[in-house]
**Student:** 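Have a look at this one before I ask anything.
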Amino acid sequence: DLTYTRGESEADGCYVVKGMVVDSVPRGNVLRYTVRVGATVLRVDALFRSFHMFNTGDDVFLTIPEHDCLVIPAAA
């Protein structure tokens with residue numbers, strides 16, 4: 001069950017979901033975050049930037065382009 005909003009301005013054509021970082025694992029120049037959005041767990045890869053890292057428990061907003069999503073109706 002994901003709660004999302006339609007994007008505005010830079011996020012046009014995207015879904016925006018709020019989640020919480022529950023884990024992170026460094027993988028070379030990439031940090032792999034585990035983000036919980038409601039009852040759903042997402043894996044998120046981000047380029048390593050020491051000035052912009054998230055800690056466990058941080059709230060984050062994920063922007064996902066609509067064309068990268070497969071929407072399954074609730075009745076399915």
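This is a predicted model, so every value here is computed, not measured. When reading the values below, keep in mind they use all heavy atoms of this one structure, side chains included, and skip hydrogens, waters and symmetry mates. Heads up: numbering here begins at 1 and tracks the sequence.
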**Student:** In Å, rounded to the nearest 0.5 Å, how long is the span from CG of D45 to OH of Y33?
**Tutor:** 10.5 Å

**Student:** Evaluate the side-chain proximity of V41 to V35: yes if any heavy-atom separation is below 4.5 Å, no if none is.
**Tutor:** no

**Student:** Got F54 and S24 here, is their nearest side-chain heavy-atom distance under 4.5 Å?
**Tutor:**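 Not in contact.
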
**Student:** Does the side-chain contact (heavy atoms from CB on, under 4.5 Å) test come out yes or no for L62 and V16, once each step is laid out?
**Tutor:** CA-CA 6 Å; L62 305 176; V16 179; over 6 Å; no

**Student:** Between atom CZ of R36 and atom CE of M20, what is the distance when rounded to the nearest 0.5 Å?
**Tutor:**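 That separation rounds to 7.0 Å.
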
**Student:** How far apart are the closest heavy atoms of P65 and C14, and which atoms are they?
**Tutor:** CA-SG, 3.7 Å

**Student:** Taking the side chain as every heavy atom from C-beta outward, state whether K18 and D59 have any pair of such atoms under 4.5 Å apart.
**Tutor:** yes

**Student:** Could you tell me whether the side chain of V21 reaches within less than 4.5 Å of the side chain of N55, counting heavy atoms only?
**Tutor:** no

**Student:** Does a side-chain heavy-atom distance below 4.5 Å link M53 with F48?
**Tutor:**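 In contact.
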
**Student:** Looking at every heavy atom in both G19 and V37, which two are closest together, and how far apart are they?
**Tutor:**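 Result for this residue pair: CA-CG2, 3.9 Å.
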
